[in-house]
Each structure stands twice: as structure tokens, then as C-alpha cells.
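Here the structure is a predicted model, which is why all the values come from computation and not from measurement.
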Amino acid sequence: MNFTLLITVLLTAITLVVAAYIIAKLIGPRSYAKVKGEPYESGIPTRGSSWLPVHVGFYLFAILFLMFDVETVFLYPWAVVVKEFGTMALLSIGFFLVVLVLGLAYAWRKGDLEWK
């Protein structure tokens, strides 16, 4: 098997990343002011810790978004080739959708879709 194309693509990618990094370091603006070390450059000193707890609702929302985003990513290739595979493709995507709907029903019943 010929890996010339793969090696060429990898070397090109590495070269472009390194070149972009070097160019950014050479021509990018630099500021060594003390204010740059502050968490926010608003000029207002922070009180207390900058590490604040995040509401668990954000994590649940992100997980549910990823679940349905992945569903969409899997549905597109299936829709492209559904005619070629026939009944088996229809059954497999049906099972996939049933599992996702059951997951949504579980999250809904548990109250995870409500912002508290």
C-alpha cells in the first residue's frame, strides 16, 4: 500500500501549523503590562476566588445537545445510502431512533429538561 499521499498530507498539515505559530509569534502584538496578568482586563480587581461552581444544568444541557447532535451526524449518512441497503437499513435506524427517543423520554420524565 502506498502511503505517499498520507505522508504528504501529514507533513503539509504539520508545516502549516508550525508556520502559523511562528508567524503569530513574530508579528503578533505583545504587551507586558501588569494588567495583562489579571483575570479580566476591566481594571476592576476581583474579590474572592475566580473559581466559581457552575450550575449542573449547563452540563446536562451540553450532554443532551451532544446526544441529539450525534444523532443528526449519524442520520445524514444513513439517509444517503438507505436505498442501497433496503429493509436492514430501515430496521437499524429505527432501532437507533427508538433508543434515542427512550433516552429523551427518560430525561424528560426525570425532569432534566427543566431549568431549575
When you look at L90 and W78, which way does the side chain to side chain contact (heavy atoms under 4.5 Å, CB included) test go after all the steps?
CA-CA 9 Å; L90 189 61; W78 170 81; 4.2 Å; yes

Please test L97 against L75 for side chain to side chain contact (heavy atoms under 4.5 Å, CB included), starting from the C-alpha separation and ending with a verdict.
CA-CA 9 Å; L97 289 174; L75 281 177; 4.3 Å; yes

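Atom OG1 of T12 is separated from atom CD1 of I7 by 11.5 Å, given to the nearest 0.5 angstrom. Note that the CG atom of L64 and the CG atom of D69 stand 12.0 Å from one another [nearest 0.5 Å]. I93 contributes atom CD1, which lies 12.0 Å from atom CE of M88 (distance to the nearest 0.5 angstrom). For the atom pair L11 CG and L6 CG, the distance stands at 9.5 Å (nearest 0.5 Å).
Criterion: ILVMFWY side-chain heavy atoms under 4.5 Å apart, direct or through other members. Under it, Y76 and V81 are part of a common hydrophobic cluster. Note on F58: it does not cluster hydrophobically with F65, by side-chain heavy-atom contacts below 4.5 Å among ILVMFWY residues. The cluster map of Ile, Leu, Val, Met, Phe, Trp and Tyr, joined by side-chain heavy atoms under 4.5 Å apart, puts L66 and I63 in different clusters. In this structure, L100 is not a member of the same hydrophobic cluster as F95, with clusters built from ILVMFWY side-chain heavy atoms closer than 4.5 Å. Each of L91 and F85 belongs to its own hydrophobic cluster when Ile, Leu, Val, Met, Phe, Trp and Tyr are linked at side-chain heavy-atom distances under 4.5 angstrom.
Here the side chain of R30 pairs a donor or acceptor atom with the backbone of K25 at under 3.5 angstrom.
By the 4.5 Å heavy-atom criterion applied to side chains, F68 and T72 are not counted as neighbours. Using a 4.5 Å heavy-atom cutoff, the side chains of V17 and Y21 are not in contact.
Nearest heavy atoms, A79 versus V82: O-CG1, 3.7 Å.
Counting non-hydrogen atoms of neighbouring residues, nucleotides and ligands closer than 6.0 angstrom, the CZ atom of F74 reaches no more than 12 such neighbours.
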